[in-house]
There are 2 protein chains.
Amino acid sequence: MSVTIKDVARMANVSVASVSRALNGHSGVTAETQKRIREVAARLRYVPHNAARSLITRRTQTIGALLPDLHGAFFSELIRGIDLAARARGLYLLVSSSHGDATEAAIALRAMQGRVDGLLVMSPHADEAFLDENLPLVLPTVLINSHVRSERHAALDLDDFGGAYAMTEHLLSLGRKRIAFINGPEVNHDVQERCRGYREAMAKAGLADRAVVLPGDFTEESGYHAGKQALAMVPRPDAIFAANDMMAIGCLSALSEAQVRTPADIAVAGFDDIPMARYVSPPLSTVRVRIAELGESALERLVRMIEAPDDAPPEPRTVVGTELVVRASCGGSDTVRRRA
Amino acid sequence: MSVTIKDVARMANVSVASVSRALNGHSGVTAETQKRIREVAARLRYVPHNAARSLITRRTQTIGALLPDLHGAFFSELIRGIDLAARARGLYLLVSSSHGDATEAAIALRAMQGRVDGLLVMSPHADEAFLDENLPLVLPTVLINSHVRSERHAALDLDDFGGAYAMTEHLLSLGRKRIAFINGPEVNHDVQERCRGYREAMAKAGLADRAVVLPGDFTEESGYHAGKQALAMVPRPDAIFAANDMMAIGCLSALSEAQVRTPADIAVAGFDDIPMARYVSPPLSTVRVRIAELGESALERLVRMIEAPDDAPPEPRTVVGTELVVRASCGGSDTVRRRA
DNA sequence: GCGCGGAACGTAAACGTTTTCACAGGAGCT
DNA sequence: AGCTCCTGTGAAAACGTTTACGTTCCGCGC
């Protein structure tokens with residue numbers, strides 16, 4: 001069938017041990033024989049059988065990624081970041097996404113065993129009990145953007161809180177006092193943090209009593225409704241901060257429909273910086289999430305865990321920064337401000 | 001270290017062979033002992049070591065995907081389609097994307113050997129010589145959207161030609177006669193097919209001499225420039241069909257800047273149906289590409305190849321359909337028309 | 001009672017590597 | 001010269017499975 005190390009050994013008149021040493025660049029083989037072996041291997045198009053290698057090495061050179069069913073941009077950016085960082089280290093990426101329920105996720109997770117050296121987990125189903133049940137203790141794992149707060153797992157989060165805080169502060173700095181917030185699905189961890197950031201910034205400005213949170217569910221439509229609701233309020237808000245861009249865009253429609261000027265009458269801001277944000281009218285101020293960087297950092301962290309000796313101290317929970325993207329919809333001058 | 005089949009065997013007072021048989025549902029083991037073994041395995045949280053299994057089985061239950069550095073929406077949709085179809089069959093997905101050059105792609109491809117049962121290849125670098133050089137003959141492979149026309153490889157394409165043809169025909173049916181086409185990067189296979197579809201539709205309508213192709217490179221900016229160019233033409237086109245949506249959007253800006261009405265004066269259409277297309281003003285008519293379906297079909301095809309006996313007849317080159325999405329920018333009434 | 005077949009199970013080989021250990025031979029030392 | 005110590009190499013074990021092949025035992029028919 002396919003060519004094995006034995007074939008190479010036979011053709012080069014050496015033992016399999018020498019072939020292994022030569023090809024892996026180990027010492028104990030003369031430069032001359034190494035060259036000969038290399039040539040034979042190339043001529044035969046020998047490629048080591050990875051399964052056999054990892055059986056003995058206990059390394060698969062592969063990391064697994066357990067992901068939820070994400071909407072387009074976020075998903076691809078995250079994978080891109082992870083993949084980029086992985087290939088830089090000669091690692092492969094085994095992905096499994098979009099499992100509907102916890103059972104499916106569990107199956108996927110278990111089947112990863114013996115197939116990967118480490119795991120990146122970002123899943124709404126992955127609560128603490130789930131992890132305890134399905135994660136072998138020995139497998140290095142990094143939780144991405146998870147609500148699990150256990151000390152036992154490494155975790156990496158988006159700075160939802162900081163981003164929302166910064167945007168709220170920015171709106172306040174522009175003289176807006178009555179800032180309304182459009183919430184997302186309450187079960188969502190990111191949403192909670194964004195809302196918290198908004199509330200704290202308001203509180204710090206002594207405007208806690210003016211904070212008002214309108215319901216939403218991340219869809220454009222819910223943003224539209226929230227916009228209508230805001231317009232009906234007395235006194236009317238002078239700014240609306242939505243927990244994501246799609247809702248902010250829906251809100252913009254509601255305002256323009258009501259002949260309310262943005263940003264003159266009401267400023268609008270979103271969160272995520274989806275590609276569409278700069279094309280709506282007026283272009284949307286938002287908080288940019290550096291998703292690819294989130295993926296990269298997660299992978300790097302994971303690699304450190306894999307390579308670290310068992311007694312290495314666990315690293316603290318880490319946070320990946322956001323950027324404030326100021327466009328016309330909030331009345332500031334266009335800038336991008338990076339935040340650690 | 002981790003628990004192996006031997007541990008299970010010992011705890012259940014049977015041999016490893018019986019454990020293997022019981023867990024794989026083979027015959028030759030009583031229902032009673034099977035139950036006992038299953039219980040012990042569950043209690044010990046035994047998970048078979050995949051490397052060992054695939055070493056002897058010659059199956060990895062994994063398929064590899066070699067992808068280029070794609071822009072967001074396309075990439076994620078494709079992966080989603082592939083992953084969905086893969087998991088439905090209990091297969092895993094090993095991805096490797098965004099390699100800058102052919103050498104990187106070659107390394108990635110070779111390292112997949114012994115790690116996957118089959119390969120999905122979508123890469124600009126994958127020309128025929130490249131494939132001959134780096135693909136082992138035995139590995140089932142499906143080329144996605146490739147310009148390689150070899151009989152030796154299975155292939156699956158997007159119906160770029162048909163989509164462009166249909167859109168051009170649609171514009172003609174609305175009474176437009178002077179339709180200009182904004183081209184993309186010429187090396188791109190999809191672009192060539194889209195342009196060909198446009199030209200043939202024009203020719204069929206007896207308007208071959210009115211066909212005009214403006215240069216572009218898929219960016220919004222190049223669409224803007226092409227729009228300016230079109231405005232300067234005498235006689236002026238009454239419709240502009242861009243090879244992708246981003247250029248169509250750039251073109252819209254150029255028109256609105258020049259106070260030209262869309263679609264009254266000039267109709268505009270794009271290709272891809274990116275999410276943004278429905279939000280620009282006016283909403284953009286475009287050709288929707290069923291990317292997830294492309295991924296699914298590719299995987300299904302690959303699975304058939306893997307399972308087929310060697311002497312099975314090769315399937316013909318296949319094409320995945322597109323949909324005409326009619327919105328306000330071309331003046332037709334809003335509809336989505338599916339095309340096989 | 002004896003032979004025979006089949007079911008249940010165990011033993012061991014095999015998969016393709018890496019790695020430990022042993023061995024040979026030569027160099028360097030006393 | 002004899003000893004030790006390296007250095008290059010080969011033989012063989014090990015990794016955790018699956019599976020071909022034995023072995024045992026039971027029940028059946030004669």
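Letters A, B, ... mirror the listed sequences (proteins, then strands); counts begin at 1.
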Open item on the list: Whether B:T30 contacts C:dA7 is assessed here as follows: a side-chain N or O lying under 4.0 Å from the phosphate OP1 or OP2. Is that the case?
Closed with: no

Task: Residue mapping more 5' on DNA chain D - nearest nucleotide basis, B:H26 or B:L55 - done: B:L55

Open item on the list: Angle between the end axes of the helix from C:dG1-D:dC30 to C:dT30-D:dA1, five pairs per end, to the nearest 10 degrees?
Closed with: 60°

- [ ] Could you state the atom-to-atom distance from CG of B:N24 to P of D:dT19 in whole Å?
- [x] 7 Å

Task: Heavy-atom donor-acceptor pair, B:R115 side chain to B:I63 backbone, under 3.5 Å - done: no

Task: Pair B:E77 + B:R290, salt bridge at N-O below 4.0 Å - done: no

Open item on the list: I want to check one thing: is the phosphate of C:dC9, taken as OP1 and OP2, less than 4.0 Å away from some side-chain N or O of B:T33?
Closed with: yes

Open item on the list: What is the distance, to the nearest angstrom, from the CZ atom on A:R53 to the C1' atom on D:dA14?
Closed with: 17 Å

Task: Donor + acceptor pair across side chains of A:T33, A:T30 (<3.5 Å) - done: yes

- [ ] Would you mind reading off the distance between B:Y46 atom OH and D:dG16 atom C1', rounded to a whole angstrom?
- [x] 7 Å

Open item on the list: Return the CG to NE2 distance between B:L55 and B:H49, rounded to the nearest 0.5 Å.
Closed with: 10.5 Å

Task: A:N50 side, atom CG; B:T62 side, atom OG1 - distance, nearest 0.5 Å - done: 11.0 Å

Open item on the list: Expressed as a whole number of angstroms, how long is the span from B:H49:NE2 to D:dT18:P?
Closed with: 12 Å

Open item on the list: So does B:E193 get a backbone contact from the side chain of B:D160, meaning a donor-acceptor N/O pair under 3.5 Å?
Closed with: no

Task: For atom CD1 of B:I5 and atom C1' of C:dC9, their distance in whole Å - done: 14 Å

Open item on the list: Just so I know, are the side chains of B:I5 and B:S20 near enough to count as touching, which here means a heavy-atom distance under 4.5 Å?
Closed with: yes

Open item on the list: Classify B:T4 by what it touches in the nucleic acid, base, sugar-phosphate, or nothing, heavy-atom distance under 4.0 Å.
Closed with: sugar-phosphate

Below 3.5 Å is the cut-off: list the nitrogen or oxygen pairs between protein and nucleotides 11-13 of chain D, distance only.
none

Task: 5′-ward residue of the pair A:P48/B:Q34 relative to DNA chain C - done: B:Q34

Task: Sugar-phosphate, base or nothing in reach of A:S27, heavy atoms under 4.0 Å - done: nothing

Open item on the list: As an exercise, state the distance from CE of B:M122 to OG of B:S146, rounded to the nearest 0.5 Å.
Closed with: 10.0 Å

Open item on the list: Would you say A:S54 places a side-chain N or O within less than 4.0 Å of OP1 or OP2 belonging to D:dC15?
Closed with: no

Task: B:D83 and B:R80 ion-paired at < 4.0 Å - done: no

Task: Rounded distance in Å - CZ (B:R10) to P (D:dG16) - done: 12 Å

Open item on the list: Rounded to whole Å, how long is the line connecting atom CZ of A:R58 with atom C1' of C:dT17?
Closed with: 13 Å

Task: Salt bridge flag under 4.0 Å for residues B:E39 and B:R43 - done: no

- [ ] Round to a whole Å and report the spacing from CZ of B:R59 to P of D:dG16.
- [x] 24 Å

Open item on the list: Measuring to OP1 and OP2 of D:dT18, would you say a side-chain N or O of B:S20 lies under 4.0 angstrom away?
Closed with: yes

